[in-house]
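The structure under discussion appears below in the form of structure tokens.
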Amino acid sequence: MSTTDESTELAQVHYLPGHPEVLDGELVSAEEFARLTSQKHQAIERYRAYGNTVVATGRVMRTAATHDRTKAALGHGMTVMQGFESWGRRTWDASTLGVYRRQIKAAEAVGNVDEIKEWTDRMEQVKERRHKRLMDLPEMIRGMTRAGLIGLAALVVLVLLIGLLVQLSDAGSFFGVIGGVLGGLRWAFGAIAWAWTPLILVAPYVVSAGVLFAAWREGRRRGQAPSWLATSADADGDVTIDETTIARALSALRIPQVTAYLKEGLPLQFITPARRDGRGTHAIVRLPAGVTAEKVARRRADLATGLHRLSKEVWPTTGSEAGILDLWVADKGALAEGAGPYPLLEDGTVDVFKGVPFGKTLRGEPILAPLMERNTITGGMPGQGKSGAARVIMGGAALDPTAELRIWVPDANFDFEAFRPRCSRYVMGAEDEKIAEILEHLRELHAEVQRRGELLIKYEVPAVTRELASKNVGLHPLFGLLEEAHVAIQHGQYGKEIAQLLVDIVRLGRKRGIHLLVSTQAPTKDSMPRDVTRNCSNGVAFAVGDHVANDALLGQGAYAAGHRATELIPGTDKGTAVVKGFTGERSDIVQVYFLDVAKENDQVTPIIERAMAAVAKRGDLPGGTAPARQIETKRDLLEDISDVLDADPVPAAKVAVLLSNHAPDWPAYRGLTGTRLCTDLAAIGVKVPSSKNRYPVDPVTIREALAKQATADLDDEG
């Protein structure tokens with residue numbers, strides 16, 4: 001196409017895809033083409049602006065819709081609507097007896113004939129009372145009318161009598177009194193007429209506000225706003241634990257039988273309605289057929305989310321039947337402080353015949369551990385608080401100046417070292433000679449049991465009393481603690497006799513003022529004789545792994561009856577135990593007091609010092625004092641090896657064992673191995689040869705090195 005400067009014409013053509021020929025065309029000038037192009041660009045920009053406006057508007061609307069104030073407004077509006085809905089539902093139930101019909105239907109669903117009869121009788125009684133009220137209504141209206149007329153007539157007569165008395169006494173005129181009364185009535189009617197107009201204008205707003213507020217309160221109690229309306233201000237909010245909340249939480253577990261039951265419109269049967277109980281709320285619920293309380297308890301964490309609580313604040317247990325859920329829910333944050341400080345931390349003494357402070361129930365009630373004529377077993381997984389519970393019991397016993405304490409710890413730990421000054425016998429260590437010493441002490445205690453039996457015959461009493469215990473005749477309370485008992489019981493050489501002695505002591509010592517407390521991680525038939533667990537009337541079970549350990553601590557059949565330490569969560573429920581024998585209940589869930597023994601926060605030593613002062617004031621320590629702990633400040637490795645070796649070389653591994661037995665309290669020798677011994681000797685210039693991988697330690701080489709060391713020391717002194 002040819003072009004010129006002024007009259008160039010452009011062909012605006014249209015092609016059809018796949019067809020090279022021109023189908024349609026129009027010749028336009030350059031100015032026209034420029035104008036059309038400009039219009040096109042303007043239209044594009046205009047539509048783009050429209051799009052940006054729409055996007056911006058959408059963002060503003062989304063921000064407004066998701067803002068906390070918008071959510072709060074919508075939430076309050078929905079709460080008011082739920083309040084009106086609740087009123088409507090309750091009105092309908094009241095007029096149709098819907099509550100009773102649903103309960104009857106629920107009882108029919110589980111086949112409970114007694115409950116069907118009970119709810120049917122209740123419904124008939126309500127119908128009868130309603131019919132009677134309806135029949136009495138005309139008579140009530142007639143009575144009210146008659147009372148009104150009589151009252152008006154009495155008022156007229158009273159006014160006439162007053163006027164007559166005034167006339168007769170010359171205090172005024174009869175018609176003056178009548179006129180005064182009529183004037184007062186005119187003033188009252190005038191005041192009412194004057195106030196009527198503003199009252200009529202304001203009343204609708206006041207009534208509406210009152211109705212809306214009442215509906216909002218009803219909605220807060222009975223309804224629940226959807227989760228998408230939750231605001232940041234609601235993050236720490238609480239919910240009222242009532243029947244509705246509990247039913248929703250159980251429904252959220254998605255247990256098929258519960259879901260189907262509620263979908264039919266049947267209400268859960270609350271044997272005990274939700275009510276305040278100590279630091280929380282208690283309710284007992286009959287679950288739908290086919291659902292056990294244990295199934296709900298296994299999903300404790302899921303149930304807690306539906307109740308807006310931490311897992312440790314929700315305690316579902318089995319009630320009197322497998323299908324009855326006994327539920328206790330703590331107030332939010334109520335269990336955070338645990339049992340609180342030990343009540344005898346600063347002052348006070350104890351009478352062990354009345355029990356010792358142990359902890360608090362979940363409801364916040366202090367609980368005592370009964371000791372006299374009892375034996376106690378405490379156990380659970382490592383780190384859950386069993387040693388702490390034993391410390392609390394023994395700490396309380398220490399504060400009775402008539403009590404004797406004996407503690408055996410077949411392990412190398414510091415948990416009970418602070419008790420040593422208060423003990424008449426104390427052993428700590430896992431070495432063979434330590435286990436042998438524990439055995440000897442138990443033999444001695446067994447003989448003490450027999451001796452006390454003869455004393456009871458002498459004093460003609462069936463059991464030790466407070467009076468006898470205070471007379472210093474050898475019948476004072478005696479408390480023995482075998483910590484980590486399974487270590488001693490399973491010892492290859494001494495374990496069998498230790499187990500038999502424990503059985504005899506727990507069987508016979510109870511009435512003779514001897515209380516044995518055994519603590520173990522795993523109370524199985526191999527680690528704890530069954531006759532010991534059966535004779536321990538006090539059981540303290542922290543979190544355990546299975547029903548076998550549970551029943552060993554809480555008694556045979558405890559798991560099947562719903563008393564389950566298996567439902568305690570390790571770590572989460574640290575310091576919380578299921579206990580038996582402490583109260584009249586079959587079991588209690590207790591937060592145990594904690595007594596710290598760490599050097600930076602030693603709480604036991606002040607208690608023991610106070611206990612020792614009370615003992616000194618009364619007289620001698622019952623049973624005498626335990627040997628003081630000998631702590632070596634410095635040991636010479638070469639001297640110790642020279643002492644344990646004779647004339648022949650001994651493999652390093654055996655030398656390590658000899659050193660550990662030679663000085664069991666010396667930290668460097670605990671867990672010493674042959675390899676580490678060779679390294680320590682090399683560090684001071686004594687090389688141990690690797691002859692046939694036995695690394696023999698030659699006493700001649702050791703004594704030569706010891707002589708060189710002594711010579712060097714003399715040179716230094718010179």
Side-chain angles (χ1 to χ4, degrees), residues 93 98-119 122 221-224 238-332 361-363 559-564 566-567 578 585-589:
D93 283 345
V99 172
Y100 299 93
R101 298 182 190 281
R102 286 197 296 272
Q103 293 292 351
I104 292 170
K105 191 175 180 181
E108 289 174 346
V110 296
N112 193 324
V113 178
D114 292 336
E115 286 201 11
I116 293 173
K117 185 178 183 306
E118 179 184 352
W119 284 106
R122 286 186 183 184
R221 289 177 61 245
R222 303 284 181 175
Q224 184 177 17
D238 199 1
V239 295
T240 301
I241 304 299
D242 55 17
E243 293 84 356
T244 302
T245 311
I246 294 170
R248 286 199 184 103
L250 290 171
S251 176
L253 296 180
R254 304 286 184 185
I255 298 174
Q257 295 94 327
V258 175
T259 303
Y261 186 87
L262 295 175
K263 190 174 290 185
E264 292 179 9
L266 301 174
L268 291 175
Q269 299 179 52
F270 282 83
I271 299 173
T272 300
R275 63 188 180 190
R276 291 292 305 166
D277 187 5
R279 296 184 289 181
T281 303
H282 179 236
I284 300 178
V285 190
R286 183 183 294 280
L287 297 171
V291 183
T292 63
E294 181 187 358
K295 183 181 293 186
V296 175
R298 283 201 300 264
R299 299 185 58 185
R300 175 178 155 198
D302 295 334
L303 181 64
T305 62
L307 296 170
H308 294 218
R309 291 293 189 272
L310 297 174
S311 180
K312 68 179 181 180
E313 294 174 334
V314 176
W315 294 91
T317 56
T318 303
S320 57
E321 300 174 11
I324 292 180
L325 176 67
D326 192 319
L327 178 65
W328 188 83
V329 183
D331 296 336
K332 185 168 285 189
T361 65
L362 293 181
R363 292 157 175 80
Y559 182 88
H563 310 280
R564 295 169 180 165
T566 54
E567 294 171 0
V578 180
E585 300 295 331
R586 174 64 177 79
S587 71
D588 296 274
I589 300 175

Atom pair [atom1]/[atom2] of [X] and [Y] - distance to nearest 0.5 Å:
X      : Y      : atom1 : atom2 : answer
His308 : Ile241 : NE2   : CD1   : 8.5 Å
Leu303 : Leu325 : CG    : CG    : 7.5 Å
Arg254 : Thr259 : CZ    : OG1   : 6.5 Å

Taking the side chain as every heavy atom from C-beta outward, state whether [X] and [Y] have any pair of such atoms under 4.5 Å apart.
X      : Y      : answer
Leu307 : Arg248 : no
Leu287 : Leu250 : yes
Thr245 : Val329 : no
Asp326 : Thr272 : no
Leu253 : Val258 : no
Arg299 : Lys295 : no

Which heavy-atom pair separates [X] from [Y] by the least distance, and what is that distance?
X      : Y      : answer
Arg300 : Val314 : NE-O, 2.9 Å
Ala247 : Leu262 : O-CD1, 4.1 Å
Ala304 : Leu310 : CB-O, 3.7 Å
Tyr261 : Pro267 : OH-O, 3.2 Å
His282 : Leu327 : CD2-O, 3.3 Å
Ala301 : Ser311 : CA-OG, 4.0 Å

Counting only N and O atoms by type, is there a donor-acceptor contact under 3.5 Å from the side chain of [X] to the main-chain atoms of [Y]?
X      : Y      : answer
Arg279 : Asp331 : no
Arg564 : Val578 : no
Glu294 : Thr318 : no

Using side chain to side chain contact (heavy atoms under 4.5 Å, CB included), reason through Val296 and Ile255 one step at a time and then give a plain yes or no. CA-CA 9 Å; Val296 175; Ile255 298 174; 4.2 Å; yes
Side chain to side chain contact (heavy atoms under 4.5 Å, CB included) between Ile589 and Trp328: does it pass, once the steps are laid out? CA-CA 11 Å; Ile589 300 175; Trp328 188 83; over 6 Å; no
Tell me whether the count of non-hydrogen atoms from other residues, nucleotides or ligands lying under 6.0 Å of CZ in Arg586 goes above 12. yes
Report the C-alpha separation of Ile284 and Ile324 in whole Å, then their side-chain angles, then the decisive distance to 0.1 Å, and conclude whether the side chain to side chain contact (heavy atoms under 4.5 Å, CB included) test is met. CA-CA 7 Å; Ile284 300 178; Ile324 292 180; 3.3 Å; yes
Got a sec, which residues hit ring pair (Phe, Tyr, Trp, His ring centres under 6.0 Å) with Tyr559, two or more places apart in sequence or on another chain? His547
Residues in side chain to side chain donor-acceptor pair (under 3.5 Å) with Glu313, at least two apart? none
Does any donor atom in the side chain of Asp302 or Thr305 lie under 3.5 Å from an acceptor atom in the other side chain? no
Quick one: do Thr281 and Arg276 satisfy side chain to side chain contact (heavy atoms under 4.5 Å, CB included)? Show the steps, please. CA-CA 5 Å; Thr281 303; Arg276 291 292 305 166; 4.1 Å; yes
